[in-house]
Amino acid sequence: MKLVETHCSKYLDMFGECIKQYPHTWQMDCEPERRKLAKCAETNPEIVHIKTVCGDEFHEYEKCMIENRADTEKCAELFTTFSDCADAAVGAFTATASNPATVSKASPSTGSSSASSNER
């Protein structure tokens with residue numbers, strides 16, 4: 001999230017404002033803002049790497065959030081799993097950027113990794 005905030009703050013703010021404006025129908029009413037945010041995120045190599053490595057973890061979290069709109073606390077563990085994977089992916093990306101021969105792919109602390117490139 002910090003990477004998205006850093007590189008795409010304008011679009012993140014627009015999406016957040018839309019969600020506040022349409023709390024019950026944001027999934028439909030905020031689609032243009034979500035797409036702009038996603039397009040911005042796709043231009044950042046670190047975010048692209050996280051999406052590649054941790055796509056499955058993110059989609060499990062996202063699915064939980066949709067299914068548990070009224071009680072999103074149920075998704076805290078899945079968020080932690082995704083966040084841990086993303087942290088490991090950024091670490092590996094940074095190591096690869098500074099020395100491409102040392103690391104090619106991150107593994108989250110759970111010991112598994114994902115090669116999904118699904119949209120975030």
Side-chain angles (χ1 to χ4, degrees):
M1 285 304 288
K2 289 179 185 177
L3 288 171
V4 174
E5 288 174 14
T6 300
H7 298 284
C8 304
S9 62
K10 172 184 170 183
Y11 300 107
L12 187 60
D13 290 345
M14 289 170 41
F15 186 49
E17 286 301 315
C18 186
I19 290 170
K20 287 179 190 174
Q21 192 172 9
Y22 302 101
H24 302 292
T25 60
W26 67 267
Q27 294 87 351
M28 294 182 304
D29 292 325
C30 301
E31 185 61 17
E33 289 82 359
R34 186 199 68 76
R35 286 183 187 199
K36 288 176 186 175
L37 177 59
K39 187 168 181 90
C40 177
E42 290 170 0
T43 65
N44 181 277
E46 289 171 296
I47 295 171
V48 170
H49 183 72
I50 291 169
K51 286 172 61 176
T52 300
V53 175
C54 305
D56 288 345
E57 290 82 355
F58 177 77
H59 288 291
E60 286 300 313
Y61 168 67
E62 185 176 48
K63 179 180 170 187
C64 181
M65 292 292 287
I66 291 168
E67 292 173 355
N68 296 288
R69 288 184 185 121
D71 188 12
T72 57
E73 282 297 314
K74 291 181 178 180
C75 306
E77 188 175 322
L78 289 171
F79 177 77
T80 300
T81 300
F82 167 68
S83 183
D84 290 347
C85 180
D87 288 344
V90 168
F93 181 87
T94 302
T96 301
S98 62
N99 187 358
T102 59
V103 180
S104 62
K105 189 172 179 181
S107 288
S109 60
T110 59
S112 66
S113 65
S114 167
S116 175
S117 62
N118 296 329
E119 183 176 330
R120 212 169 167 176

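Relative orientation of the Phe93 and His49 rings is tilted, given thresholds of 30° and 60° on the angle between their planes.
Separation of atoms CD (Glu5) and CG (Asp13) is listed at 9.0 Å; rounding is to 0.5 Å. Atom-to-atom distance recorded for Glu73:CD and Cys64:SG is 10.5 Å, nearest 0.5 angstrom. Distance check, rounded to the nearest 0.5 Å: CD1 of Ile66 to CD of Gln27 gives 7.0 Å. With values rounded to the nearest 0.5 angstrom, Phe82 atom CZ is found 9.0 Å from Asp87 atom CG. Atom SG in Cys85 sits 12.0 Å away from atom CZ in Phe58 (nearest 0.5 Å). Atom-to-atom distance recorded for Thr81:OG1 and Asp56:CG is 12.5 Å, nearest 0.5 angstrom.
Scanning for side-chain contact (heavy atoms from CB on, under 4.5 Å) contacts around Cys40 gives Cys8, Tyr11, with sequence neighbours left out. For Lys2, there are no salt bridge (charged side-chain N to carboxylate O under 4.0 Å, His left out) partners at least two apart in sequence or on another chain.
Inter-residue side-chain proximity for Cys75 and Phe79 is flagged as unmet; no heavy-atom pair is nearer than 4.5 Å.
Met14 and Glu33 get closest at one heavy-atom pair: O-CG, 4.0 Å. Residues Ile47 and Leu3 come closest through the heavy atom pair CG1-CB, 3.8 Å.
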Self-check item: Check against side chain to side chain contact (heavy atoms under 4.5 Å, CB included), Trp26 and Cys18
Solution: CA-CA 7 Å; Trp26 67 267; Cys18 186; 5.8 Å; no

Exercise. Take Glu17 and Lys20 through the salt bridge (charged side-chain N to carboxylate O under 4.0 Å, His left out) test and state the conclusion after the steps.
Key: CA-CA 5 Å; Glu17 286 301 315; Lys20 287 179 190 174; 3.6 Å; yes

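Cluster membership for Tyr22 and Leu37, using ILVMFWY side-chain heavy atoms within less than 4.5 angstrom, is not shared.
Ion pairing between Glu42 and Lys39 fails under the 4.0 Å rule for side-chain N and carboxylate O.
Around CD of Glu77, the count of heavy atoms belonging to other residues, nucleotides or ligands within 6.0 Å does not exceed 12.
A donor-acceptor contact shorter than 3.5 Å is absent between the side chain of Thr72 and the backbone of Asn68.
Using modelled atom types, one finds a donor on one side chain and an acceptor on the other under 3.5 Å when comparing His59 with Glu62.
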